[in-house]
Amino acid sequence: MSQEATVHALVSKGEAPSHPQTPPSQAKSFVQYYDRLYEKLGPQAWWPARTPFEVIIGAILTQNTSWTNVERAISNLRRERLLTPLALERVSFARLASLIRSSGYFRQKAKKLKAFVRFLRAEYSSSLARMFRTPTHELREKLLAVHGIGPETADSILLYAGQKETFVVDTYTRRILSRHGFVAEDVPYEELRALIESALPRDVSRYNEFHALLVQVGKHWCRPRGPRCSECPLQPFLESVK
DNA sequence: ATCCGGAGTG
DNA sequence: CACTCGGGAT
């Protein structure tokens, strides 16, 4: 297994001195959004997980599910010493499903976990280090071909487990940015990802933080029903949209 | 367009 | 009670 690979990519190094290329029209806005949120909410130190493998398990378990439900499942797996690729391959489907029951969709997700560890062994001898040596674009395509890994999960794996420069779009991102008039609600995943990646400095810890900050906004203010715009940290930017 | 699903919230 | 959740497969 990988060594003491702690997953915090949040290295607080100094500000990037300059932006190489001329930013598109949204660039300034997204940078302002980021700065505003970071100032108001601070560093999120995101993705609480001990190893890259645990990040990946969490990324699958948290699909359309709140993180508190996932934490129980992860802690069950840890208690049973199942947080390794080979252990997850050995454990029976029924036992795995029952251990992750709290995360919802537990049969679907047990199948997805099995699919991933099988893929990892077949393609990379169960080594995440080998997997992440694959060129990012190629790896992304291969991950998308695995049962249970869609765009958001693939990007979460690349960014939060592999420290690759890939922005993670989720429900919150889409909701916030469409309400602020940047995109339509049903904007395709790839389109929104490309937009944000082109508008922010290409930097792993920046992508990491921005996604995490948007999650906070989505949870606390930009809620699906009854958004609290007047109390939202992004409220100043909403005025110009209305 | 439907299904998967437990757990917390109002 | 209805609604929502760090989505994805069919």
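Between the side chains of A:T65 and A:K109, at least one donor N or O lies within less than 3.5 Å of an accepting N or O. Counted by atom type alone, A:Y33 and A:H180 present one or more donor-acceptor pairs between their side chains at under 3.5 Å. Inspection of the A:S205 and A:N208 side chains reveals no N or O donor paired with an N or O acceptor under 3.5 Å.
Rounded to the nearest Å, the gap between the P atom of B:dG5 and that of C:dT10 is 14 Å.
At a non-hydrogen distance threshold of 4.0 Å, A:N64, A:T65, A:N69 from residues 56-70 of chain A come into contact with DNA chain B.
Within the nucleic acid shown, A:G150 comes within 4.0 Å of sugar-phosphate atoms alone, with no base atom in reach, counting heavy atoms only. Using a 4.0 Å heavy-atom cutoff across all strands shown, A:V169 reaches no nucleic acid atom at all. Counting non-hydrogen atoms under 4.0 angstrom, A:K109 reaches nothing in the nucleic acid.
Residue A:T171 places at least one side-chain N or O under 4.0 Å from the OP1 or OP2 atom of C:dG7.
If you check B:dC4, C:dA9, B:dG6 against the side chain of A:H147, the one that comes closest is C:dA9. Looking at the side chain of A:S102, the nearest of the listed nucleotides C:dT10, B:dG5, B:dA7 is B:dA7. Ranking C:dA9, C:dG7, B:dA7 by closeness to the A:T153 side chain, first place goes to C:dG7.
Rounded to an integer number of Å, the gap from CZ of A:R174 to C1' of C:dC5 is 15 Å. For A:K111 and C:dG7, the NZ to C1' distance is 15 Å, given to the nearest whole Å. Here the C1' atom of nucleotide C:dG7 and the CG atom of A:L144 are 13 Å apart, to the nearest Å. Atom CD of A:E190 and atom P of C:dG8 are 11 Å apart (whole Å). Atom P of nucleotide B:dG6 and atom CG of A:L99 are separated by 15 Å, given to the nearest angstrom. In this structure, A:H211 places its NE2 atom 8 Å from P of C:dG7, rounding to the nearest Å. In this structure, A:R107 places its CZ atom 17 Å from C1' of C:dG8, rounding to the nearest Å. Rounded to whole Å, the distance from CG on A:D155 to P on C:dG7 is 13 Å.
Mapping A:R72 and A:F106 onto DNA chain B via the closest heavy atom, the residue that lands nearer the 5' end is A:F106. Taking for each of A:G148 and A:S156 the nucleotide of DNA chain C with the nearest heavy atom, the 5'-most of the two is the partner of A:S156.
Taking 4.0 Å as the cut-off between side-chain N and carboxylate O, A:E39 and A:R36 do not count as a salt-bridged pair. Salt bridge status for A:R140 with A:E190: present, with a side-chain N to carboxylate O gap under 4.0 Å.
Side-chain contact between A:P43 and A:Y38 is present, with heavy atoms from C-beta onward closer than 4.5 Å.
No continuous path of hydrophobic side-chain contacts links A:I56 to A:Y105 [ILVMFWY only; heavy atoms under 4.5 Å].
Closest approach of A:L213 and A:G42 over heavy atoms only: CD2-O, 3.6 Å.
A donor-acceptor pair under 3.5 Å is absent between the side-chain atoms of A:T134 and the main chain of A:L139, judged by distance alone.
With sequence neighbours excluded, the residues satisfying side chain to side chain contact (heavy atoms under 4.5 Å, CB included) with A:E165 are A:R202, A:V204, A:Y207.
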Polar pairs (N or O, both sides) under 3.5 Å between protein and nucleotides 2-4 of chain C?
residue	atom	partner	partner atom	Å
C:dT4	OP1	A:R225	NE	3.3

